[in-house]
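Structure first, commentary second.
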Amino acid sequence: MTTLTIDQNKYVCQTGESVLDALLRENVNLAFACKKGTCHSCMIRSTNVTPPQSAQSGLKNTLINQNYFLACQCYPEQDMHLKLPDQSDFYRMGTVVTNELLNRNTILLIIAFEDAFEFNAGQFVNLQRSDGLTRSYSIANVPQQSNTLEFHIRRLPGGKFSEWLHDEVSVGDSIAVSEPGGHCFYLPERHEQGILLVGTGTGLAPLAGILTDALAQGHTGPIHLFHGSREVEDLYRINEMHQLAEQHPNFNYTPCLSGTKIPDGFVMGRVNDIVFSQFTDLKGWRVFLCGHPDMVNQMKKQAFLKGAAIADIYADAFLVAQH
Ligand SMILES: Cc1cc2nc3c(=O)[nH]c(=O)nc-3n(C[C@H](O)[C@H](O)[C@H](O)COP(=O)(O)OP(=O)(O)OC[C@H]3O[C@@H](n4cnc5c(N)ncnc54)[C@H](O)[C@@H]3O)c2cc1C
């Protein structure tokens, strides 16, 4: 058992309990989402001791040097004095300039900033509501002069954040946006390498950014995009992807449906089965997997077993926030 001190207040952290769980149990208002060390929304700072190394995994050196750590990954070995970050430490305000439907349950949300927002296409940010509710969303566009970020957000029935974005957020509203995170992005090297992009649902968001970036940077190797959902109404950007495939002979697009009604031009089946019915050897390929965690985790293993190097497999599982 250790003691956590914030300002003058002391909280008990039980053995085997993370700092985040201890603080939430004590009703401390701290932002969090995935609780798996991915989203970084629960980052806080130790002001007395160096945090355990495992709680700083994936943080930038500048943050590590200031003793920032992820509360959800920290099982303290000694008493800690903590400083909760101010929102302005990691968040900046943007203005919603577009909120419109892409399909029956997905919106296109565009947020504009006064100054340039630096990111790599395919990274994600955390969006935060004024009450502190925080969720991660992938960036769907490439950096551009208009200083905007584009998101594809699926309505999850009963989902706190997605329903708020769908139903209550309007053009002109302000929203807090974190710095970008994640390593799922295109690097302009090995231009002739094959690229395999596989996504379900709004997993298309980061893949669209990566695809646009790779084409703009003159990637010459084959690029295959497989986008899957259950019903055709849940896919989107179908025509745009077909047009892109017409413009770029090295780009190939396969929309996949796992339901029973399969219109012409769509392939029937689960996206991973379809991919591996067409690709038996992924040696030398760069693979990007985004969307439903089950699909991503399964395909990660399968891609490795089919020969893709671990360093060439980039994955963003859309983990659900833990309550
Ligand atoms: C790195 C990353 C990137 C992401 N990018 C995107 C993105 O680009 N677009 C996007 O739409 N989402 C994305 N997500 C998911 C997003 O962060 C939220 O988890 C999602 O919007 C649901 O949040 P919510 O508050 O609406 O639902 P919550 O209130 O968090 O969930 C409500 C309930 O629904 C359950 N639930 C959650 N997901 C499902 C599901 N798929 N099916 C059935 N039940 C479910 C939960 O267990 C919970 O009980 C991403 C997640 C991560 C980690």
Side-chain angles (χ1 to χ4, degrees), residues 24 31-43 58 70 72-73 96 98-111 119-142 148-169 175-185 197-212 227-231 234-237 258 270-271 288-298 300 314-323:
L24 293 178
F32 71 99
C34 76
K35 284 195 176 175
K36 291 203 165 63
T38 300
C39 72
H40 294 189
S41 60
C42 65
M43 188 155 51
L70 303 176
C72 70
Q73 298 301 303
V96 173
T98 301
N99 185 346
E100 63 190 31
L101 281 175
L102 282 168
N103 67 22
R104 64 182 175 181
N105 60 18
T106 306
I107 52 166
L108 167 68
L109 184 81
I110 304 182
I111 300 178
F119 65 95
N120 289 295
Q123 284 192 295
F124 68 88
V125 294
N126 294 319
L127 303 184
Q128 193 167 79
R129 206 163 69 174
S130 57
D131 63 358
L133 188 70
T134 308
R135 295 287 183 267
S136 307
Y137 293 101
S138 303
I139 304 170
N141 59 329
V142 293
T148 55
L149 294 184
E150 183 179 317
F151 304 96
H152 304 165
I153 294 167
R154 184 166 86 95
R155 176 197 289 276
L156 184 67
K160 291 195 212 57
F161 207 90
S162 60
E163 291 215 319
W164 173 68
L165 288 173
H166 275 248
D167 298 335
E168 294 178 47
V169 170
I175 190 161
V177 183
S178 76
E179 291 177 3
H183 305 285
C184 190
F185 54 84
L197 307 166
V198 186
T200 50
T202 48
L204 183 65
L207 297 180
I210 291 164
L211 169 67
T212 312
H227 186 205
S229 77
R230 195 171 159 70
E231 288 164 10
D234 297 322
L235 289 180
Y236 57 94
R237 297 256 157 107
S258 61
R270 290 187 328 145
V271 75
F288 293 88
L289 309 168
C290 300
H292 197 286
D294 291 347
M295 182 283 286
V296 168
N297 292 332
Q298 203 181 343
K300 226 159 125 177
Y314 299 83
D316 251 350
F318 286 4
L319 301 170
V320 172
Q322 303 299 305
H323 300 272

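We count ligands from 1, going down the list as the structure has it; atoms in each ligand are counted the same way. Note that these values count all heavy atoms, side chains included, but never hydrogens, waters or copies made by symmetry. In this chain, residues are counted from 1 in sequence order.
- A 4.5 Å side-chain heavy-atom check between Asn141 and Phe119 finds at least one atom pair inside the cut-off.
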Margin query: Using side-chain contact (heavy atoms from CB on, under 4.5 Å), reason through Glu231 and Asn103 one step at a time and then give a plain yes or no.
Written below: CA-CA 11 Å; Glu231 288 164 10; Asn103 67 22; over 6 Å; no

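- Annotation: Asp316 places no N or O atom under 3.5 Å from an N or O atom of ligand 1; distance criterion only.
- With hydrogens and angles ignored, the 3.5 Å screen pairs a side-chain donor or acceptor of Ser162 with a backbone N or O of Leu156.
- Atom 44 (N) of ligand 1 has as its closest protein heavy atom Leu156 CD1, 4.1 Å.
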Mind running salt bridge (Lys or Arg N to Asp or Glu O under 4.0 Å) on Arg155 and Asp167 for me, showing each step along the way? CA-CA 9 Å; Arg155 176 197 289 276; Asp167 298 335; 2.7 Å; yes

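- Contact annotation for Phe124 and ligand 1: only side-chain heavy atoms (C-beta onward) come within less than 4.0 Å of the ligand.
- Checked against a 3.5 angstrom limit, the closest N/O atoms of Thr202 and ligand 1 fall inside it.
- In this structure a side-chain-to-backbone donor-acceptor pair under 3.5 Å is missing from Thr134 to Ala31.
- In terms of protein heavy-atom proximity, atom 8 (O) of ligand 1 is nearest to Ser138 N, 3.2 Å.
- Panel note: side chain Ser136, backbone Cys39; no donor-acceptor pair is recorded below 3.5 Å.
- Distances below 4.0 Å separate heavy atoms of Ile153 from the following atoms of ligand 1: 11 (O).
- Here's the thing with Phe161: one of its N/O atoms is less than 3.5 angstrom from an N/O atom of ligand 1.
- No part of Cys34 comes within 4.0 Å of ligand 1, judged by heavy-atom distances.
- Using a 4.0 angstrom heavy-atom cutoff, Ala140 does not count as in contact with ligand 1.
- For atom 27 (O) of ligand 1, the closest non-hydrogen atom of the protein is Gly159 CA, 3.2 Å.
- Here's the thing with Ser136: one of its N/O atoms is less than 3.5 angstrom from an N/O atom of ligand 1.
- The main-chain N or O of Cys290 is never found under 3.5 Å from a side-chain atom of Asp316 such that the two would form a donor-acceptor pair.
- By the 3.5 Å distance cut-off applied to N or O atoms, Arg135 is counted among the residues near ligand 1.
- Of the candidates Leu319, Asp294, Val320, it is Leu319 that places a heavy atom closest to atom 53 (C) of ligand 1.
- In this structure, Tyr314 and Phe288 have parallel ring planes: the angle between them is below the 30° cut-off, well short of the 60° mark.
- At the top of the distance list for atom 41 (N) of ligand 1, counting protein heavy atoms only, stands Arg154 NH2, 3.3 Å.
- By the definition of a contact as any protein heavy atom under 4.0 Å away, atom 49 (O) of ligand 1 is not in contact.
- Closest protein heavy atom to atom 7 (C) of ligand 1: Phe318 CE2, 3.5 Å.
- When only non-hydrogen protein atoms are considered, atom 9 (N) of ligand 1 lies nearest to His152 O, 2.9 Å.
- Side chain of His166 to backbone of Ile153: a donor-acceptor contact under 3.5 angstrom is found.
- Ranking protein heavy atoms by distance to atom 26 (O) of ligand 1, first place goes to Ser162 OG, 2.7 Å.
- Looking only at distances, no side-chain donor or acceptor of Asp234 sits under 3.5 Å from a matching main-chain atom of Asn105.
- For atom 20 (C) of ligand 1, the nearest non-hydrogen atom of the protein is Tyr137 OH, 3.8 Å.
- Between His183 and Phe185, the two ring planes are tilted [angle within 30° to 60°].
- Remark: the backbone N or O of Asn126 is paired with a side-chain donor or acceptor of Ser178 at under 3.5 angstrom.
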